Amino acid sequence: MAEGPPWNESMDSTEMISVAQAVRVVLERTARLPAESVALADAMGRVLAEDVFADCDLPPFDRAQMDGYAVRSEDVREVPARLRVVGEAAAGRGWRGVIEKGEAVRIMTGAPLPAGADGVEQVELTRELEDGAVVEVGRATEPGQFYVPRGSEIRAGERVLRAGEEVSAARMAVLASFGCAQVSVRRRPRVSVLATGTELVPVRERPGEDQIRDSNSYSLAAYAQLAGAQVERLPFAGDDPELLRREIAEAAARSDVLVLSGGVSMGRYDFTKSALHALDAEIFFERVALRPGKPTVFARLPGERQTLVFGLPGNPVSVSVTFNLFARTALRAMQAALSPALEEETAVLARAVKGAAERTSYLPAALSTDEAGRLLAQPLKWGGSSDFVAFARATALLIVPAGVKTLEAGSVARVVRLPG
Ligand code: AMP
Ligand code: MG
């Protein structure tokens, strides 16, 4: 992320700051939420509050990888070899004896390897004789063949997951295997989403003249959910300063984060900042050197919850970009996620793009991989920060630093992947 001069407390909130500075301010102002214990089945998508350690070796015993016969490899050096079948080992029901010279035990995948054996021969390379009392092995079995030794995957006491990692579908298996019936995770942030704008109508209504359907509430709520939040969509506040103030105050009492869309520009009906001032909010920044998304507001309301407020510019693309750069970072930081901000990668630019003189651009792009395995960023053709139909094809944002006139095709650019 482009470095700017260090941000400090005495800075005027109306000063324009860089994206990197703004992210730093968000991280500095965001407090962690407490941990809570949830049932394993409810842990998906949650951020772990504690490291998780293996409580047993894996596998817990020498485990057969094939259906076949457990043998002593020295008995089957010369093939075909005939061995006496002295028992059977199945998954969940091992054979407790010791295999002696000239003996074999029929074994199934997942069963413990009996004592005395040092390999498994797969059933396809064996032949049963004398009604199953004898087996003929057709291949020389290597020592160590077709079983996974105890503890070779993980040893009891080793750390398997770290605090700050998110529980994924694959990690559910890890938690289950080590007996985590209850999992310690960070509480989900409670987020309220409030759309402003007299022009908005609900989704199920057909917009009249001069009206549009509210789309931001839905994209914001979805992005917030992806970030691990519990989300409530509030009734529209129109462009009514009194109603806006009341809704913000009410939502603050029950929300960790309030996300507002619209009303942060310099128009006559942009009341978000005045509502925040009237409620004695502390405004940390209100102008970011970002395209799209310059008039982004970050504030904190007084009161017990110290609710953080993100006032995002209403254009649907600006809303998505600024949410993911700033509000998402706060939501992840609240959950003490290991890397709360979107992580930058590099990609080769498929076509030239233009930058802006004073602002860093975050432009919609589609990522793909070329034949050489390089990550390619294809900037999307779009009609600007209101063009959310084009934006819906984006999988990433392409970063063009402030002051760069043109990033040429074939150059290496920084990108961040868009969640969801
Ligand atoms: P504003 O930031 O209030 O000046 O709004 C900027 C643009 O975004 C205007 O064209 C608005 O109509 C549009 N806009 C504002 N809020 C929404 C919303 N909730 N859904 C879709 N578009 C919106
Ligand atoms: Mg508006």
Side-chain angles (χ1 to χ4, degrees), residues 14 16 22 191-226 229 231-248 251 255 257-278 281 283 285-299 309-328 356 359 361-364 382-394 418 420:
T14 60
M16 184 146 87
V191 173
S192 295
V193 174
L194 175 54
T196 72
T198 306
E199 71 277 32
L200 302 180
V201 299
V203 172
R204 64 180 90 252
E205 277 177 35
R206 176 159 286 280
E209 232 183 337
D210 311 333
Q211 293 182 319
I212 57 165
R213 290 196 181 97
D214 159 45
S215 61
N216 290 346
S217 300
Y218 290 89
S219 55
L220 285 172
Y223 281 129
Q225 273 163 3
L226 285 172
V231 189
E232 176 188 16
R233 279 184 297 107
L234 304 177
F236 302 153
D239 286 310
D240 174 344
E242 186 46 45
L243 176 60
L244 187 59
R245 210 155 54 222
R246 218 169 42 236
E247 281 210 55
I248 293 174
S255 319
V257 174
L258 176 59
V259 183
L260 298 156
S261 104
V264 286
S265 304
M266 304 299 277
R268 282 187 73 173
Y269 303 102
D270 290 329
F271 295 124
T272 300
K273 275 186 278 184
S274 54
L276 291 172
H277 281 299
I283 298 197
F285 61 75
E286 55 193 85
R287 286 195 322 139
V288 183
L290 167 63
R291 180 184 73 143
K294 178 166 135 190
T296 296
V297 178
F298 175 49
V309 183
F310 291 89
L312 309 180
N315 266 315
V317 177
S318 313
V319 132
S320 298
V321 170
T322 53
F323 179 91
N324 283 302
L325 289 178
F326 308 120
R328 177 187 178 277
R359 293 187 282 157
S361 306
Y362 279 71
L363 305 175
W382 67 320
S385 55
S386 60
D387 190 355
F388 55 88
V389 177
F391 186 76
R393 289 195 302 274
L418 280 166

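All residue numbers refer to positions in the sequence shown, counting from 1. It should be emphasised that the depicted structure is a prediction, and the values quoted were computed from it without experimental measurement. Order of listing sets the numbers, starting from 1, for every ligand and every atom in it.
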Visitor: So, 4.0 Å and heavy atoms of Ser215: is ligand 1 close enough to count as a contact?
Guide: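 For ligand 1, residue contact (heavy atoms, under 4.0 Å) with Ser215 is present.
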Visitor: Quick check on Ser261 - does any of its heavy atoms sit under 4.0 Å from an atom of ligand 1?
Guide: yes
Visitor: Kindly indicate whether the side chain of Glu205, heavy atoms from C-beta on, has any atom under 4.5 Å from the side chain of Arg213.
Guide: no
Visitor: List the atom of Tyr218, the atom of Arg233, and the distance in Å for their closest heavy-atom pair.
Guide: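 Tyr218 and Arg233 have their closest heavy atoms at OH-NH1, 3.0 Å.
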Visitor: Can you check whether Thr272 reaches Val309 side chain to side chain, under 4.5 Å on heavy atoms?
Guide: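 No, their side chains stay 4.5 Å or more apart.
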Visitor: What protein heavy atom sits nearest atom 17 (C) of ligand 1, and how far away is it?
Guide: Asn216 ND2, 3.1 Å
Visitor: Quick one: which of Asn315, Leu194, Asp210, Val317 has a heavy atom closest to atom 6 (C) of ligand 1?
Guide: Asn315
Visitor: Can you see which heavy atom on Val319 is nearest to which on Pro313, and at what distance?
Guide: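 Of all heavy-atom pairs spanning Val319 and Pro313, the closest is CG2-O, 3.2 Å.
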Visitor: Ile212 heavy atoms, cut-off 4.0 Å: which ligand 1 atoms fall inside?
Guide: 12 (O), 21 (C), 22 (N), 23 (C)
Visitor: Does the plane of the ring in Phe285 sit parallel, tilted or perpendicular to the ring in Phe298? Use 30° and 60° as the thresholds.
Guide: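 Taking Phe298 first and then Phe285, their aromatic rings sit tilted (interplane angle of 30° to 60°).
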Visitor: Looking at Phe236, I'd like to know if its CZ atom is crowded, meaning that more than 12 non-hydrogen atoms belonging to other residues, nucleotides or ligands lie closer than 6.0 Å.
Guide: yes
Visitor: Can you tell me the protein heavy atom closest to atom 11 (C) of ligand 1 and the distance?
Guide: Glu199 OE2, 3.0 Å
Visitor: As an exercise, identify every atom of ligand 1 less than 4.0 angstrom from a heavy atom of Gly262.
Guide: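 Per the distance check, 1 (P), 2 (O), 3 (O).
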Visitor: Looking at atom 15 (C) of ligand 1, what's its closest protein heavy atom, distance included?
Guide: Gly314 O, 3.6 Å
Visitor: For ligand 1, is there an atom lying under 4.0 Å from some heavy atom of Val264?
Guide: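 Heavy atoms of Val264 never come under 4.0 Å of ligand 1.
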Visitor: Would you say Phe310 and Leu220 make side-chain contact, with heavy atoms under 4.5 Å?
Guide: no
Visitor: Gly263 heavy atoms, cut-off 4.0 Å: which ligand 1 atoms fall inside?
Guide: 1 (P), 2 (O), 3 (O)
Visitor: Do you know the tightest heavy-atom contact between Val257 and Val259?
Guide: CG1-CG2, 4.0 Å
Visitor: If you count the atoms of ligand 1 from 1 in the order shown, which ones are under 4.0 Å from a heavy atom of Asp214?
Guide: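 Contacts of ligand 1 toward Asp214, numbered from 1: 18 (C), 19 (N), 20 (N).
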Visitor: Does Thr196 reach ligand 1, in the sense of a heavy atom lying below 4.0 Å from it?
Guide: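 It does, in that a heavy atom of Thr196 comes within the 4.0 Å cut-off of ligand 1.
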